[in-house]
Amino acid sequence: MSGNGALKEAKVPLIEDLGPAEGLKVEQDDQNQSLWRRVWIESSKLWQIVGPAIFSRLASYSMLVITQAFAGHLGDLELAAISIANNVIVGFDFGLLLGMASALETLCGQAFGAKKYYMLGVYMQRSWIVLFLCCILLLPLYLFASPLLKLLGQPQDVAELSGIVSMWMIPLHFSFAFQFPLQRFLQSQLKNMVIAWVSLVALLVHIFVSWVFVYRLQLGVVGTAVTLNFSWWILVLGLFAYTVCGGCPLTWTGFTIEAFSGLWEFIKLSAASGVMLW
């Protein structure tokens with residue numbers, strides 16, 4: 001057989017050279033491969049965003065679990081007091097403030113899409129003001145936790161100790177007013193990896209501080225509450241330091257008096273979001 005004949009026989013048939021059935025099958029295979037490739041690309045992009053967000057939530061929740069675990073080594077009464085303070089007092093507070101900060105997701109997302117970058121910093125400062133005022137209004141929940149828990153039917157010893165723990169968690173209460181807006185501010189700019197890294201550092205610090213306060217210094221149930229305050233403020237200060245020290249040059253231009261304008265509209269939007277999530 002000649003060389004030209006061998007080349008002709010070795011030539012790959014085109015779709016036009018195939019019959020209708022064979023050509024349709026080849027086109028469907030190409031479409032299926034293209035579909036799976038698009039799914040893979042979109043899934044990879046999605047997990048680059050949600051993966052760090054999931055980890056940061058798990059790290060924050062793990063701090064509460066670790067605190068309860070250390071309290072469980074102190075005794076049943078201490079474990080009950082920490083559990084009630086976390087799940088009833090802090091849980092009520094956490095859900096409401098987190099929902100109020102969720103209003104930033106819409107506002108910051110719209111401002112970032114419209115390239116009004118400076119407004120993201122303004123919105124975050126407004127959220128700080130609104131959530132801080134809300135924290136002041138919710139302060140009696142911590143100060144009068146013992147009578148409230150007794151009214152709800154808790155035993156007297158558990159209610160008394162839970163009230164003491166709740167008062168020691170007041171710094172944690174005010175940290176929510178700054179941490180939640182900072183998270184929404186950074187998430188709207190797709191800076192989830194920053195939140196994840198800071199959350200990891202705070203979690204590691206929390207484990208170490210819990211061990212020191214409970215086992216080395218033997219501060220008891222009050223020490224377990226203090227560890228939450230310390231570790232949560234590490235998280236807040238880490239996110240704040242990244243924001244103001246050059247991490248967000250377009251969206252953070254410094255503190256501004258403009259944050260105090262339009263507060264009533266912002267309060268209504270935040271309250272609606274807070275009630276919905278709570």
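Quantities reported herein were computed from a predicted structural model and do not represent experimental measurements.
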Exam field: side chain [X] to backbone [Y], donor-acceptor pair closer than 3.5 Å:
X: Q125; Y: G121; value: yes
X: R126; Y: S261; value: yes
X: H206; Y: S231; value: no
X: S175; Y: L172; value: yes
X: T251; Y: Y117; value: no
X: S60; Y: S56; value: yes
X: N87; Y: S83; value: yes
X: N229; Y: W168; value: yes
X: Q183; Y: A101; value: no

Search all heavy atoms of [X] against all heavy atoms of [Y] and return the closest pair with its distance.
X: A80; Y: S162; answer: O-OG, 4.3 Å
X: V221; Y: L74; answer: N-CD1, 3.6 Å
X: M100; Y: C134; answer: SD-SG, 3.7 Å
X: A81; Y: V165; answer: CB-CG2, 4.4 Å
X: A196; Y: F55; answer: O-CE2, 3.5 Å
X: A159; Y: Q154; answer: CB-CB, 4.3 Å

Is any side-chain heavy atom of [X] closer than 4.5 Å to a side-chain heavy atom of [Y]?
X: D157; Y: L77; answer: yes
X: Y118; Y: L250; answer: no
X: S199; Y: L235; answer: yes
X: M169; Y: I82; answer: yes
X: L139; Y: I170; answer: yes
X: L228; Y: P171; answer: no
X: V122; Y: T256; answer: yes
X: F112; Y: C108; answer: no

Pairwise distance [atom1]([X]) to [atom2]([Y]) - rounded to 0.5 angstrom:
X: Q189; Y: W252; atom1: CD; atom2: CH2; value: 11.5 Å
X: L131; Y: F176; atom1: CG; atom2: CZ; value: 11.0 Å
X: L97; Y: C135; atom1: CG; atom2: SG; value: 4.5 Å
X: L138; Y: L96; atom1: CG; atom2: CG; value: 6.0 Å
X: S210; Y: I66; atom1: OG; atom2: CD1; value: 6.5 Å
X: F185; Y: L104; atom1: CZ; atom2: CG; value: 9.5 Å

F70 and ring-ring contact (aromatic ring centres under 6.0 Å, His included): which single residue from Y215, F208, F213, W211 fits?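 Going through Y215, F208, F213, W211 one by one, the ring-ring contact (aromatic ring centres under 6.0 Å, His included) with F70 is satisfied by Y215 alone.
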For E265, I'd like to know if atom CD has over 12 heavy atoms of other residues, nucleotides or ligands within 6.0 Å.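 Yes, enclosed.
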Does V158 form a side-chain contact (heavy atoms from CB on, under 4.5 Å) with L149? I'd like the steps, not just the answer. CA-CA 9 Å; V158 175; L149 292 172; over 6 Å; no
Answer with yes or no whether the hydrophobic clustering places [X] together with [Y]; edges join I, L, V, M, F, W, Y residues whose side-chain heavy atoms lie under 4.5 Å apart.
X: L46; Y: W36; result: no
X: L239; Y: W197; result: no
X: L120; Y: L263; result: yes
X: L137; Y: V130; result: no
X: L182; Y: Y61; result: no

Could you label the plane-to-plane angle of the F255 and W128 rings as parallel, tilted or perpendicular, counting under 30° as parallel and over 60° as perpendicular?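 Aromatic pair F255/W128 classed tilted.
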Could you walk me through whether M119 and Q110 pass the side-chain contact (heavy atoms from CB on, under 4.5 Å) check? CA-CA 10 Å; M119 285 303 299; Q110 292 176 347; over 6 Å; no
Let's go through L141 and F92 carefully: what are the C-alpha distance in whole Å and the side-chain angles of both, what is the deciding distance for side-chain contact (heavy atoms from CB on, under 4.5 Å) to 0.1 Å, and is it a yes or a no? CA-CA 9 Å; L141 182 67; F92 175 90; 3.5 Å; yes
Determine, step by step, whether F230 and T227 satisfy the side-chain contact (heavy atoms from CB on, under 4.5 Å) criterion, reporting the C-alpha distance in whole Å, the side-chain angles of both residues, the deciding distance to 0.1 Å, and the verdict. CA-CA 5 Å; F230 184 84; T227 60; 5.7 Å; no
Sub-6.0 Å ring centroid separation between F94 and F180: yes
